[in-house]
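Whatever order the structure lists ligands and atoms in, that order sets their numbers, starting from 1. Not measured: the values here are computed from a predicted model.
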Amino acid sequence: LSESFIVDYISPNVKQFMGYEMDEVIGKSVFEFLDPEDLDVFQVLLEETKDFFSQNQFLEFKLRHKNGEYRVFNSNGKVILDKDGKRLYTGIARDISKLKEAQRELLKAKEKAEQASLIKSQFLSVMSHEIRTPMNAVIGLAHFLLEDDPKPDQLENLKTLQFSAESLMALINDILDYNKIDSGKVELEEMPFDLKNFIQRIVHSHSFQATEKSLYVISEIDEALPKSILADSVRLGQIVNNLVSNAIKFTEKGGVKIILKSEGIDIEGKAIVKFRFEDTGIGIPEEKVSTIFEAFTQASSETTRKYGGTGLGLAIVKRLVELYQGDITYSPNLGGGSVFEFVIHLKPFEERANNGSAEDKPQIKSLMGASILVAEDNMVNQILIQKFLKKWNTGNVVVASDGQEALEFFEKEHFDLILLDLQMPIYDGFTVAKKIRSMADPVKSKVPMLALTATSLHEVKEQLLEVGVNDYVAKPFTPENLYEKLLKFLRPKERV
Ligand code: ADP
């Protein structure tokens, strides 16, 4: 290997790859064919690295084809000494231009797909806010009119209005939720709850539909299971709710059985729980079973006409079960109907022996006299919130339409709590919260703040914690939910 890299031998194949005859290459320096950029890099490397070739068995570089095009090669070779002690580089080179091209295309396709997926979720997140805000008003006002002593002939219409609005909202939530789960944005939370109670509440919430169709809905919960567990009751509730509501929907005779069985304890001390949902309904034809867990698919095209639905329920359930490292399966029920099953591991919750703490005691409370600042720019929401607060006999309620006004009002007067919309003009809710938490007056800086938001908690939770917001109420809020949260944060004052 003279340091000028003269080619001593080359395979006749060179014609196939580079267009040259053997003797057009032999006797010339490799450098003549090397891509100028590669040549620069190569020369620097050769100078800087002692014994470059023994350290770099595999090389990748571009060589000029006889037609002027550059092609990518990789080589595998080493330096040997011939009988005269001359250094020779011997190795093989492969044309990987096609491979490189394919890799580039693949990367481009991947970037494009990622971009599209990003745009999709951004679009959905914007739409979620845009759709939920007016829906909030529709649902809220329907609620309010219903509680406002409607005339009997209006009652039916109002109920239909409320039902339709709530179904539409559920559908929007499903679509958004699926998107969120699908893009890996869902994190499971942990909160303690009573397993038996949890199942019974869900069963109870479906009792209306079940009774209407004369179906039984029963639950069997293994006594060996821990009484309380630490899990995401919202997500677990979504799983159970979806399966139970499907079971009722697709069953005309008989009923639904929910079975929770203990399968022991894993090495981390978690309870291994088998969830089983049996129904005596129409079942699912064998050839459809593989598709029912996909988004937007139903077992038959008749389904939508006859039963409604979007085909999102099971897709969401499947992914949520997977978040718990479980796998949901379908099997036919003996004697007709469906069985859905999955096994997940749930952390038991050890209750501390502090019975009788103030939190546990049922307390009848009212919001009587509490002064509340409502920072909310949407007029319909302003009216709604004011109506509810008035009904609950709160004291002074002041409404600010933007972040700046909220701060001005807050400086002037004392408030027991702030309801804070996150999207507001001038200062958004986050900025207002931050400014309040850094106020010099300790009474002011510690005021409880509840965020009102149409975006899901998962997306803003971190930010909310950072700026010191105590809790949040999802829009569209139900009166019960708002009431409960208000009580939670007004409570300490009452105990003093
Ligand atoms: P949806 O209920 O909105 O149609 P799902 O994803 O929840 O969507 O279910 C997908 C399909 O699976 C349903 O349309 C139905 O055909 C079938 N399916 C789900 N659960 C059952 C069940 N318990 N019995 C019979 N068919 C079911």
**Q.** Which of the ligand 1 atoms, numbered from 1, are nearer than 4.0 Å to a heavy atom of A247
**A.** 23 (N)
Q | Nearest candidate to atom 18 (N) of ligand 1, where distance is taken over non-hydrogen atoms, out of N246, I292, I284, I282 | A | I284
Q. For D266, which residues count as a side chain to side chain donor-acceptor pair (under 3.5 Å) partner, sequence neighbours excluded?
A. H345
(Q) With a cutoff of 4.0 Å, is G281 in contact with ligand 1, counting heavy atoms of the residue only? (A) no
(Q) Parallel, tilted or perpendicular: which one describes the rings of F410 and F415, with boundaries at 30° and 60°? (A) parallel
Q | Options I316, D279, L314, ranked by nearest heavy atom to atom 6 (O) of ligand 1, top entry | A | L314
Q) Can you list every ring pair (Phe, Tyr, Trp, His ring centres under 6.0 Å) pair that touches residues 264-290, not counting sequence neighbours? A) F275-F342
**Q.** Close aromatic pair by centroid cut-off 6.0 Å: F193 and F349
**A.** no
(Q) So if I count the atoms of ligand 1 from 1 in the order they appear, which ones are less than 4.0 Å from some heavy atom of K249? (A) 1 (P), 2 (O), 3 (O)
**Q.** L312 neighbourhood, listing ligand 1 atoms whose heavy-atom distance to it stays under 4.0 Å
**A.** 6 (O), 8 (O)
Q) Quick one: CG on D232 to CE on M191, what's the gap to the nearest 0.5 Å? A) 4.0 Å
